[in-house]
Protein chains: 2
Amino acid sequence: MKTILNTPIALKLSACIGLSEHELEILGQLLKQSREIRVGQDLVQQGETNQAAFILMSGWVCSYKIQADGTRQIVDFQIPGDFLGVRSVLFHTSDHNIEPITEVEVCEILIPRLLDTFAQHPRLAMALLWALSRDEAMVVEHLVNIGRRNPAERMAHFLLELGARLSLIGAGSKTGFTCPLTQPLLADALGLSAVHVNRVLRQLREVGMATFRDGQVVFDNYDRLVAFADFDSSYLDQAGPLLT
Amino acid sequence: MKTILNTPIALKLSACIGLSEHELEILGQLLKQSREIRVGQDLVQQGETNQAAFILMSGWVCSYKIQADGTRQIVDFQIPGDFLGVRSVLFHTSDHNIEPITEVEVCEILIPRLLDTFAQHPRLAMALLWALSRDEAMVVEHLVNIGRRNPAERMAHFLLELGARLSLIGAGSKTGFTCPLTQPLLADALGLSAVHVNRVLRQLREVGMATFRDGQVVFDNYDRLVAFADFDSSYLDQAGPLLT
(Lines give C-alpha, C1' and ligand atoms only; values in the text may rest on other atoms or scores of the structure.)
Protein backbone atom coordinates (compact mmCIF):
# COMPACT_ATOMS: atom_id res chain seq x y z
CA MET A 1 0.00 0.00 0.00
CA LYS A 2 2.92 2.27 0.79
CA THR A 3 3.74 2.97 -2.86
CA ILE A 4 0.16 3.95 -3.72
CA LEU A 5 -0.20 6.04 -0.57
CA ASN A 6 2.66 8.24 -1.77
CA THR A 7 1.40 8.79 -5.32
CA PRO A 8 0.25 12.35 -6.06
CA ILE A 9 -3.33 11.18 -6.78
CA ALA A 10 -3.58 9.49 -3.36
CA LEU A 11 -2.04 12.48 -1.59
CA LYS A 12 -4.51 14.75 -3.36
CA LEU A 13 -7.67 12.67 -2.77
CA SER A 14 -6.65 12.41 0.91
CA ALA A 15 -7.64 16.08 1.20
CA CYS A 16 -11.21 14.92 0.57
CA ILE A 17 -11.45 11.52 2.25
CA GLY A 18 -9.17 9.62 4.59
CA LEU A 19 -8.37 6.71 2.24
CA SER A 20 -8.70 3.26 3.82
CA GLU A 21 -6.31 0.44 2.94
CA HIS A 22 -9.03 -1.12 0.82
CA GLU A 23 -9.70 2.15 -1.02
CA LEU A 24 -5.98 2.55 -1.69
CA GLU A 25 -5.99 -0.94 -3.17
CA ILE A 26 -8.93 -0.07 -5.46
CA LEU A 27 -7.18 3.13 -6.52
CA GLY A 28 -4.02 1.15 -7.18
CA GLN A 29 -5.93 -1.08 -9.60
CA LEU A 30 -6.86 1.99 -11.65
CA LEU A 31 -3.19 2.96 -11.83
CA LYS A 32 -1.77 -0.32 -13.04
CA GLN A 33 -0.89 0.56 -16.61
CA SER A 34 1.09 3.72 -17.08
CA ARG A 35 2.90 5.09 -20.09
CA GLU A 36 5.22 7.95 -20.91
CA ILE A 37 4.39 10.75 -23.30
CA ARG A 38 7.02 13.08 -24.71
CA VAL A 39 6.74 16.81 -25.37
CA GLY A 40 5.17 17.28 -28.81
CA GLN A 41 2.72 14.34 -28.53
CA ASP A 42 -0.75 15.69 -27.68
CA LEU A 43 -2.79 13.86 -25.07
CA VAL A 44 -6.17 15.27 -26.08
CA GLN A 45 -7.09 17.15 -29.26
CA GLN A 46 -9.79 19.81 -29.63
CA GLY A 47 -12.52 18.83 -32.09
CA GLU A 48 -11.60 15.14 -32.17
CA THR A 49 -13.77 12.20 -31.09
CA ASN A 50 -12.81 9.08 -29.12
CA GLN A 51 -10.45 10.87 -26.81
CA ALA A 52 -9.08 9.24 -23.66
CA ALA A 53 -8.98 10.35 -20.02
CA PHE A 54 -5.94 10.04 -17.81
CA ILE A 55 -4.56 10.47 -14.32
CA LEU A 56 -1.29 12.39 -14.43
CA MET A 57 1.35 10.49 -12.45
CA SER A 58 4.37 12.74 -13.08
CA GLY A 59 5.27 15.81 -15.13
CA TRP A 60 3.29 18.91 -16.15
CA VAL A 61 0.77 19.46 -18.95
CA CYS A 62 -1.38 22.39 -20.05
CA SER A 63 -4.96 22.45 -21.30
CA TYR A 64 -5.90 25.16 -23.78
CA LYS A 65 -8.35 26.29 -26.42
CA ILE A 66 -7.40 27.60 -29.84
CA GLN A 67 -9.52 30.28 -31.49
CA ALA A 68 -10.20 30.63 -35.21
CA ASP A 69 -7.60 33.42 -35.45
CA GLY A 70 -4.94 31.12 -33.98
CA THR A 71 -4.60 32.78 -30.56
CA ARG A 72 -4.72 30.42 -27.65
CA GLN A 73 -5.98 30.69 -24.10
CA ILE A 74 -4.38 28.33 -21.63
CA VAL A 75 -7.14 27.29 -19.23
CA ASP A 76 -4.98 25.59 -16.66
CA PHE A 77 -1.78 23.70 -16.03
CA GLN A 78 -2.14 20.20 -14.64
CA ILE A 79 0.31 18.74 -12.16
CA PRO A 80 0.78 15.19 -10.84
CA GLY A 81 -2.38 13.78 -9.29
CA ASP A 82 -4.71 15.67 -11.64
CA PHE A 83 -7.34 14.10 -13.89
CA LEU A 84 -6.92 14.90 -17.60
CA GLY A 85 -9.56 14.92 -20.30
CA VAL A 86 -12.56 13.59 -18.35
CA ARG A 87 -14.67 16.13 -20.29
CA SER A 88 -13.26 14.83 -23.59
CA VAL A 89 -14.60 11.33 -23.11
CA LEU A 90 -18.05 12.42 -21.97
CA PHE A 91 -18.51 14.80 -24.93
CA HIS A 92 -19.02 13.95 -28.60
CA THR A 93 -15.85 15.86 -29.44
CA SER A 94 -13.22 17.31 -27.14
CA ASP A 95 -13.60 21.05 -26.52
CA HIS A 96 -9.95 21.55 -25.59
CA ASN A 97 -6.37 20.41 -26.18
CA ILE A 98 -4.01 18.91 -23.63
CA GLU A 99 -0.28 18.86 -24.32
CA PRO A 100 2.73 17.91 -22.21
CA ILE A 101 5.06 20.68 -21.05
CA THR A 102 7.58 18.18 -19.71
CA GLU A 103 7.89 14.45 -20.30
CA VAL A 104 4.93 12.97 -18.44
CA GLU A 105 3.74 9.64 -17.11
CA VAL A 106 0.00 8.99 -17.34
CA CYS A 107 -2.45 6.20 -16.51
CA GLU A 108 -5.32 5.94 -18.96
CA ILE A 109 -8.72 5.59 -17.32
CA LEU A 110 -11.71 4.05 -19.08
CA ILE A 111 -14.97 5.73 -18.12
CA PRO A 112 -17.07 2.51 -17.87
CA ARG A 113 -14.41 1.04 -15.60
CA LEU A 114 -14.30 4.24 -13.57
CA LEU A 115 -18.09 4.39 -13.19
CA ASP A 116 -18.14 0.74 -12.21
CA THR A 117 -15.45 1.28 -9.58
CA PHE A 118 -17.25 4.26 -8.17
CA ALA A 119 -20.62 2.50 -8.12
CA GLN A 120 -19.04 0.02 -5.73
CA HIS A 121 -17.11 2.60 -3.72
CA PRO A 122 -19.24 5.70 -3.12
CA ARG A 123 -16.59 7.39 -0.98
CA LEU A 124 -14.17 7.21 -3.91
CA ALA A 125 -16.97 8.55 -6.13
CA MET A 126 -17.29 11.51 -3.80
CA ALA A 127 -13.54 12.06 -3.94
CA LEU A 128 -13.64 12.06 -7.76
CA LEU A 129 -16.53 14.55 -7.77
CA TRP A 130 -14.55 16.66 -5.30
CA ALA A 131 -11.46 16.60 -7.56
CA LEU A 132 -13.50 17.59 -10.63
CA SER A 133 -15.25 20.31 -8.61
CA ARG A 134 -11.88 21.63 -7.49
CA ASP A 135 -10.73 21.73 -11.13
CA GLU A 136 -13.80 23.82 -11.93
CA ALA A 137 -13.18 26.07 -8.90
CA MET A 138 -9.73 26.80 -10.30
CA VAL A 139 -11.08 27.73 -13.72
CA VAL A 140 -13.61 30.00 -11.96
CA GLU A 141 -10.77 31.66 -10.07
CA HIS A 142 -8.83 32.11 -13.34
CA LEU A 143 -11.89 33.86 -14.73
CA VAL A 144 -11.87 36.24 -11.75
CA ASN A 145 -8.11 36.61 -12.17
CA ILE A 146 -8.34 37.75 -15.79
CA GLY A 147 -11.61 39.66 -15.32
CA ARG A 148 -10.83 41.57 -12.13
CA ARG A 149 -7.12 41.67 -11.23
CA ASN A 150 -4.33 43.82 -12.66
CA PRO A 151 -1.33 42.06 -14.26
CA ALA A 152 0.91 42.04 -11.17
CA GLU A 153 -1.86 40.80 -8.85
CA ARG A 154 -2.81 38.24 -11.48
CA MET A 155 0.73 36.83 -11.63
CA ALA A 156 1.04 36.83 -7.84
CA HIS A 157 -2.26 34.98 -7.48
CA PHE A 158 -1.26 32.47 -10.13
CA LEU A 159 2.09 31.66 -8.47
CA LEU A 160 0.44 31.31 -5.05
CA GLU A 161 -2.20 28.95 -6.46
CA LEU A 162 0.46 26.75 -8.05
CA GLY A 163 2.45 26.74 -4.81
CA ALA A 164 -0.61 25.68 -2.81
CA ARG A 165 -1.56 22.94 -5.28
CA LEU A 166 2.00 21.62 -5.32
CA SER A 167 2.22 21.63 -1.52
CA LEU A 168 -0.72 19.20 -1.44
CA ILE A 169 1.34 16.62 -3.35
CA GLY A 170 4.54 17.34 -1.46
CA ALA A 171 6.19 19.39 -4.23
CA GLY A 172 5.91 22.95 -2.92
CA SER A 173 5.97 25.04 0.25
CA LYS A 174 5.73 28.62 1.48
CA THR A 175 9.35 29.07 0.39
CA GLY A 176 8.62 28.17 -3.26
CA PHE A 177 8.65 25.39 -5.84
CA THR A 178 10.34 24.04 -8.96
CA CYS A 179 8.47 25.24 -12.03
CA PRO A 180 8.96 24.22 -15.69
CA LEU A 181 6.77 27.00 -17.12
CA THR A 182 8.20 29.42 -19.69
CA GLN A 183 7.23 33.08 -20.03
CA PRO A 184 5.21 32.44 -23.25
CA LEU A 185 3.19 29.80 -21.36
CA LEU A 186 2.55 32.24 -18.51
CA ALA A 187 1.49 34.85 -21.07
CA ASP A 188 -1.05 32.50 -22.70
CA ALA A 189 -2.48 31.59 -19.31
CA LEU A 190 -2.74 35.10 -17.89
CA GLY A 191 -3.89 36.98 -21.00
CA LEU A 192 -0.67 39.05 -21.10
CA SER A 193 2.04 39.54 -23.70
CA ALA A 194 5.43 37.89 -23.12
CA VAL A 195 6.96 41.35 -22.66
CA HIS A 196 4.33 42.14 -20.05
CA VAL A 197 5.03 38.87 -18.20
CA ASN A 198 8.70 39.79 -18.04
CA ARG A 199 7.93 43.25 -16.66
CA VAL A 200 5.50 41.94 -14.04
CA LEU A 201 7.96 39.28 -12.82
CA ARG A 202 10.67 41.95 -12.50
CA GLN A 203 8.24 44.10 -10.53
CA LEU A 204 7.43 41.29 -8.04
CA ARG A 205 11.16 40.59 -7.66
CA GLU A 206 12.18 44.22 -7.16
CA VAL A 207 9.65 44.79 -4.36
CA GLY A 208 10.97 41.64 -2.65
CA MET A 209 7.84 39.47 -2.90
CA ALA A 210 8.69 36.67 -5.37
CA THR A 211 11.47 35.62 -7.75
CA PHE A 212 10.97 33.30 -10.72
CA ARG A 213 14.34 32.41 -12.24
CA ASP A 214 16.04 29.32 -13.67
CA GLY A 215 13.00 27.11 -13.20
CA GLN A 216 12.54 28.04 -9.54
CA VAL A 217 9.80 30.15 -7.98
CA VAL A 218 10.99 31.60 -4.67
CA PHE A 219 8.48 33.30 -2.36
CA ASP A 220 10.74 36.03 -0.96
CA ASN A 221 7.94 37.31 1.28
CA TYR A 222 5.03 34.88 1.27
CA ASP A 223 2.71 36.85 3.56
CA ARG A 224 3.13 40.12 1.66
CA LEU A 225 2.51 38.30 -1.63
CA VAL A 226 -0.70 36.75 -0.22
CA ALA A 227 -1.93 40.16 0.95
CA PHE A 228 -0.96 41.79 -2.37
CA ALA A 229 -2.86 39.19 -4.46
CA ASP A 230 -5.75 38.94 -1.99
CA PHE A 231 -5.13 35.17 -2.16
CA ASP A 232 -7.67 33.12 -0.22
CA SER A 233 -6.91 29.44 -0.79
CA SER A 234 -10.30 28.16 0.41
CA TYR A 235 -11.39 27.50 -3.21
CA LEU A 236 -8.67 24.82 -3.35
CA ASP A 237 -10.33 23.12 -0.36
CA GLN A 238 -7.19 21.43 0.86
CA ALA A 239 -7.54 22.02 4.60
CA GLY A 240 -7.98 18.31 5.29
CA PRO A 241 -10.48 15.50 4.70
CA LEU A 242 -14.21 16.14 5.15
CA LEU A 243 -14.72 12.40 5.68
CA THR A 244 -12.20 10.47 7.77
CA MET B 1 -43.76 9.73 -16.56
CA LYS B 2 -44.94 12.40 -18.93
CA THR B 3 -44.57 15.24 -16.41
CA ILE B 4 -40.97 14.29 -15.56
CA LEU B 5 -40.08 13.82 -19.23
CA ASN B 6 -40.93 17.47 -19.84
CA THR B 7 -38.97 18.94 -16.94
CA PRO B 8 -35.90 20.96 -17.97
CA ILE B 9 -33.54 18.57 -16.12
CA ALA B 10 -34.92 15.57 -18.07
CA LEU B 11 -34.77 17.48 -21.37
CA LYS B 12 -31.19 18.46 -20.63
CA LEU B 13 -29.92 15.04 -19.51
CA SER B 14 -31.53 13.56 -22.63
CA ALA B 15 -28.72 15.22 -24.59
CA CYS B 16 -26.36 12.78 -22.86
CA ILE B 17 -28.39 9.59 -22.46
CA GLY B 18 -31.71 8.44 -23.83
CA LEU B 19 -33.59 8.21 -20.51
CA SER B 20 -35.55 4.97 -20.01
CA GLU B 21 -38.90 4.97 -18.21
CA HIS B 22 -37.20 3.50 -15.17
CA GLU B 23 -34.50 6.18 -15.19
CA LEU B 24 -37.16 8.88 -15.48
CA GLU B 25 -38.85 7.38 -12.44
CA ILE B 26 -35.58 7.47 -10.44
CA LEU B 27 -35.01 11.07 -11.53
CA GLY B 28 -38.56 11.91 -10.49
CA GLN B 29 -37.84 10.63 -6.98
CA LEU B 30 -35.00 13.14 -6.67
CA LEU B 31 -37.39 15.93 -7.67
CA LYS B 32 -40.16 15.25 -5.21
CA GLN B 33 -39.74 18.13 -2.82
CA SER B 34 -39.49 21.52 -4.39
CA ARG B 35 -39.64 24.98 -2.89
CA GLU B 36 -39.76 28.55 -4.09
CA ILE B 37 -37.08 31.11 -3.39
CA ARG B 38 -37.63 34.83 -3.86
CA VAL B 39 -35.22 37.43 -5.17
CA GLY B 40 -33.07 38.62 -2.26
CA GLN B 41 -32.79 35.20 -0.57
CA ASP B 42 -29.39 33.69 -1.35
CA LEU B 43 -29.24 30.02 -2.25
CA VAL B 44 -25.54 29.53 -1.53
CA GLN B 45 -23.16 31.86 0.32
CA GLN B 46 -19.43 32.26 -0.26
CA GLY B 47 -17.34 31.36 2.79
CA GLU B 48 -20.15 29.53 4.59
CA THR B 49 -20.24 25.86 5.59
CA ASN B 50 -23.12 23.37 5.40
CA GLN B 51 -24.44 24.66 2.10
CA ALA B 52 -27.01 22.75 0.05
CA ALA B 53 -27.10 21.66 -3.59
CA PHE B 54 -30.13 22.05 -5.83
CA ILE B 55 -31.63 21.29 -9.21
CA LEU B 56 -33.16 24.43 -10.67
CA MET B 57 -36.72 23.68 -11.83
CA SER B 58 -37.78 27.16 -12.99
CA GLY B 59 -36.41 30.70 -13.00
CA TRP B 60 -32.90 32.10 -13.38
CA VAL B 61 -30.05 32.49 -10.87
CA CYS B 62 -26.48 33.75 -11.08
CA SER B 63 -23.34 32.43 -9.44
CA TYR B 64 -20.61 34.91 -8.60
CA LYS B 65 -17.53 35.62 -6.54
CA ILE B 66 -16.95 38.76 -4.51
CA GLN B 67 -13.45 40.14 -4.14
CA ALA B 68 -12.03 41.90 -1.07
CA ASP B 69 -12.49 45.30 -2.76
CA GLY B 70 -16.21 44.58 -3.28
CA THR B 71 -16.15 44.08 -7.06
CA ARG B 72 -17.91 40.97 -8.26
CA GLN B 73 -17.37 38.62 -11.16
CA ILE B 74 -20.43 36.72 -12.31
CA VAL B 75 -19.21 33.26 -13.29
CA ASP B 76 -22.37 32.04 -14.97
CA PHE B 77 -26.13 32.31 -15.07
CA GLN B 78 -28.06 29.12 -14.37
CA ILE B 79 -31.28 28.27 -16.13
CA PRO B 80 -33.90 25.57 -15.49
CA GLY B 81 -32.40 22.07 -15.52
CA ASP B 82 -29.06 23.19 -14.10
CA PHE B 83 -27.41 21.86 -10.95
CA LEU B 84 -26.64 24.52 -8.33
CA GLY B 85 -24.01 24.44 -5.62
CA VAL B 86 -22.69 20.90 -6.05
CA ARG B 87 -19.24 22.34 -5.36
CA SER B 88 -20.51 23.98 -2.16
CA VAL B 89 -21.49 20.72 -0.52
CA LEU B 90 -18.29 18.91 -1.45
CA PHE B 91 -16.06 21.71 -0.11
CA HIS B 92 -15.47 22.75 3.50
CA THR B 93 -16.81 26.21 2.67
CA SER B 94 -18.53 27.43 -0.47
CA ASP B 95 -16.21 29.31 -2.85
CA HIS B 96 -19.04 31.23 -4.51
CA ASN B 97 -22.48 32.81 -4.05
CA ILE B 98 -25.68 31.85 -5.84
CA GLU B 99 -28.59 34.26 -5.88
CA PRO B 100 -31.93 34.25 -7.69
CA ILE B 101 -32.46 36.77 -10.50
CA THR B 102 -36.14 35.89 -10.77
CA GLU B 103 -38.37 33.95 -8.41
CA VAL B 104 -37.15 30.37 -8.70
CA GLU B 105 -38.30 26.86 -7.89
CA VAL B 106 -35.60 24.45 -6.72
CA CYS B 107 -35.36 20.85 -5.54
CA GLU B 108 -32.75 20.32 -2.85
CA ILE B 109 -30.47 17.34 -3.44
CA LEU B 110 -28.62 15.59 -0.65
CA ILE B 111 -25.21 14.35 -1.76
CA PRO B 112 -25.36 10.95 0.06
CA ARG B 113 -28.75 10.33 -1.57
CA LEU B 114 -27.41 11.42 -4.96
CA LEU B 115 -24.33 9.19 -4.68
CA ASP B 116 -26.52 6.31 -3.60
CA THR B 117 -28.85 6.82 -6.57
CA PHE B 118 -25.96 7.01 -9.00
CA ALA B 119 -24.24 3.94 -7.51
CA GLN B 120 -27.34 1.99 -8.50
CA HIS B 121 -27.79 3.72 -11.87
CA PRO B 122 -24.41 4.20 -13.58
CA ARG B 123 -26.01 5.68 -16.73
CA LEU B 124 -27.52 8.45 -14.60
CA ALA B 125 -24.13 8.87 -12.94
CA MET B 126 -22.62 9.40 -16.38
CA ALA B 127 -25.32 11.95 -17.19
CA LEU B 128 -24.56 13.86 -13.98
CA LEU B 129 -20.82 13.83 -14.73
CA TRP B 130 -21.67 15.04 -18.23
CA ALA B 131 -23.79 17.91 -16.85
CA LEU B 132 -21.05 18.98 -14.43
CA SER B 133 -18.46 18.72 -17.21
CA ARG B 134 -20.64 20.90 -19.41
CA ASP B 135 -20.86 23.49 -16.62
CA GLU B 136 -17.08 23.52 -16.48
CA ALA B 137 -16.84 23.76 -20.28
CA MET B 138 -18.97 26.91 -20.10
CA VAL B 139 -16.75 28.50 -17.46
CA VAL B 140 -13.75 27.64 -19.65
CA GLU B 141 -15.44 29.35 -22.60
CA HIS B 142 -16.17 32.41 -20.42
CA LEU B 143 -12.46 32.53 -19.62
CA VAL B 144 -11.66 32.54 -23.35
CA ASN B 145 -14.43 35.11 -23.85
CA ILE B 146 -12.95 37.58 -21.36
CA GLY B 147 -9.33 36.73 -22.16
CA ARG B 148 -9.44 36.78 -25.95
CA ARG B 149 -12.55 38.46 -27.41
CA ASN B 150 -13.33 42.16 -27.81
CA PRO B 151 -16.46 43.52 -26.08
CA ALA B 152 -18.83 43.18 -29.08
CA GLU B 153 -17.69 39.62 -29.88
CA ARG B 154 -17.91 38.80 -26.18
CA MET B 155 -21.53 39.96 -25.96
CA ALA B 156 -22.46 38.18 -29.21
CA HIS B 157 -20.89 34.93 -27.97
CA PHE B 158 -22.65 35.24 -24.63
CA LEU B 159 -26.11 35.74 -26.19
CA LEU B 160 -25.58 32.83 -28.59
CA GLU B 161 -24.52 30.55 -25.73
CA LEU B 162 -27.62 31.44 -23.72
CA GLY B 163 -29.82 30.86 -26.78
CA ALA B 164 -28.29 27.44 -27.39
CA ARG B 165 -28.62 26.42 -23.74
CA LEU B 166 -32.25 27.57 -23.64
CA SER B 167 -33.08 25.75 -26.88
CA LEU B 168 -32.09 22.47 -25.18
CA ILE B 169 -34.85 22.94 -22.61
CA GLY B 170 -37.38 24.25 -25.12
CA ALA B 171 -37.07 27.92 -24.16
CA GLY B 172 -35.07 29.40 -27.02
CA SER B 173 -34.51 29.15 -30.77
CA LYS B 174 -32.52 30.69 -33.60
CA THR B 175 -34.97 33.59 -33.55
CA GLY B 176 -34.25 34.47 -29.91
CA PHE B 177 -35.41 34.02 -26.31
CA THR B 178 -36.98 35.71 -23.30
CA CYS B 179 -34.23 37.02 -21.01
CA PRO B 180 -34.57 38.52 -17.50
CA LEU B 181 -30.98 39.80 -17.34
CA THR B 182 -30.31 43.49 -16.70
CA GLN B 183 -27.42 45.50 -18.14
CA PRO B 184 -25.59 45.61 -14.74
CA LEU B 185 -25.77 41.79 -14.62
CA LEU B 186 -24.38 41.55 -18.15
CA ALA B 187 -21.60 43.96 -17.16
CA ASP B 188 -20.58 41.86 -14.13
CA ALA B 189 -20.54 38.71 -16.26
CA LEU B 190 -18.60 40.10 -19.21
CA GLY B 191 -16.07 42.26 -17.37
CA LEU B 192 -17.48 45.45 -18.93
CA SER B 193 -18.92 48.65 -17.47
CA ALA B 194 -22.69 49.20 -17.69
CA VAL B 195 -22.06 52.05 -20.15
CA HIS B 196 -19.95 49.73 -22.28
CA VAL B 197 -22.69 47.08 -22.26
CA ASN B 198 -25.17 49.64 -23.50
CA ARG B 199 -22.84 50.74 -26.31
CA VAL B 200 -22.08 47.16 -27.40
CA LEU B 201 -25.78 46.20 -27.48
CA ARG B 202 -26.52 49.29 -29.61
CA GLN B 203 -23.69 48.31 -31.94
CA LEU B 204 -25.06 44.75 -32.43
CA ARG B 205 -28.54 46.21 -33.04
CA GLU B 206 -27.39 48.86 -35.51
CA VAL B 207 -25.54 46.36 -37.70
CA GLY B 208 -28.68 44.18 -37.75
CA MET B 209 -27.33 41.17 -35.90
CA ALA B 210 -29.16 41.10 -32.53
CA THR B 211 -31.56 43.21 -30.48
CA PHE B 212 -31.95 42.96 -26.70
CA ARG B 213 -34.89 45.08 -25.55
CA ASP B 214 -37.77 44.76 -23.07
CA GLY B 215 -36.64 41.38 -21.80
CA GLN B 216 -36.39 39.85 -25.27
CA VAL B 217 -33.27 38.85 -27.18
CA VAL B 218 -33.99 38.76 -30.92
CA PHE B 219 -31.42 37.26 -33.26
CA ASP B 220 -31.94 39.56 -36.26
CA ASN B 221 -29.38 37.67 -38.30
CA TYR B 222 -28.40 34.45 -36.54
CA ASP B 223 -25.82 33.26 -39.06
CA ARG B 224 -23.97 36.57 -39.22
CA LEU B 225 -23.92 36.74 -35.42
CA VAL B 226 -22.45 33.22 -35.25
CA ALA B 227 -19.74 34.14 -37.77
CA PHE B 228 -19.02 37.44 -35.98
CA ALA B 229 -18.60 35.76 -32.56
CA ASP B 230 -16.82 32.70 -34.00
CA PHE B 231 -19.41 30.70 -32.03
CA ASP B 232 -18.86 26.94 -32.17
CA SER B 233 -21.45 25.27 -29.92
CA SER B 234 -19.63 21.94 -29.68
CA TYR B 235 -18.48 22.76 -26.10
CA LEU B 236 -22.17 22.62 -25.09
CA ASP B 237 -22.30 19.06 -26.44
CA GLN B 238 -26.01 19.11 -27.12
CA ALA B 239 -26.05 17.36 -30.51
CA GLY B 240 -27.92 14.34 -29.12
CA PRO B 241 -27.36 11.42 -26.76
CA LEU B 242 -24.06 9.53 -26.78
CA LEU B 243 -25.85 6.54 -25.22
CA THR B 244 -29.34 5.64 -26.43
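From a predicted model like this one, the values you see are computed outputs, not experimental measurements. Each chain gets a letter, A, B and so on, in the order the sequences are listed, and its residues count up from 1.
- When each of B/Arg134, B/Glu136, B/Lys65, B/His121 is checked for heavy-atom pairs under 4.5 Å with chain A, B/Glu136 comes out on top.
- Each of B/Ala137, B/Ser94, B/Gly47, B/Ala239 has some count of heavy-atom pairs under 4.5 Å with chain A, and the biggest count is that of B/Ala137.
- Ranking A/Pro122, A/Pro112, A/Ala68, A/Ser234 against chain B, the residue ahead of the rest is A/Ala68, based on heavy-atom pairs under 4.5 Å.
- B/Leu190 and B/Arg154 get closest at one heavy-atom pair: O-NH1, 2.6 Å.
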Fill in: Residues A/Gln46, A/Tyr64; criterion side-chain hydrogen bond (donor to acceptor under 3.5 Å, both in side chains); working and verdict
CA-CA 9 Å; A/Gln46 190 171 334; A/Tyr64 63 95; over 6 Å; no

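- If you check the side chains of B/Asn198 and B/Gln183, you find a donor sitting under 3.5 Å from an acceptor.
- The candidate from B/Asp95, B/Leu143, B/Val144 with the greatest count of non-hydrogen atom pairs under 4.5 Å with chain A is B/Leu143.
- Salt bridge annotation for A/Arg148-A/Glu153: absent, with no cationic side-chain nitrogen under 4.0 angstrom from a carboxylate oxygen.
- Counting only heavy atoms from C-beta outward, the side chains of A/Leu19 and A/Leu124 approach each other to under 4.5 Å.
- Taking the six-membered ring for Trp and thresholds of 30 and 60 degrees, B/Tyr235 and B/His157 have nearly parallel ring planes, at less than 30 degrees apart.
- At distances below 3.5 Å, at least one donor-acceptor pair connects side-chain atoms of B/Thr117 with backbone N or O atoms of B/Arg113.
- When B/Asp232, B/Asp116, B/Val140 are compared by the number of non-hydrogen pairs under 4.5 Å with chain A, B/Val140 comes out ahead.
- By a heavy-atom distance cut of under 4.5 Å, A/Val75, A/Arg87 are the residues of residues 75-87 of chain A near chain B, going up by number.
- Heavy atoms closer than 4.5 Å to chain B are found in the backbone of A/Arg72, but not in its side chain.
- Using modelled atom types, no side-chain atom of A/Asp188 and backbone atom of A/Ile74 make a donor-acceptor pair closer than 3.5 Å.
- In this structure, B/Glu141 pairs ionically with B/Arg149, as a charged nitrogen and a carboxylate oxygen lie closer than 4.0 Å.
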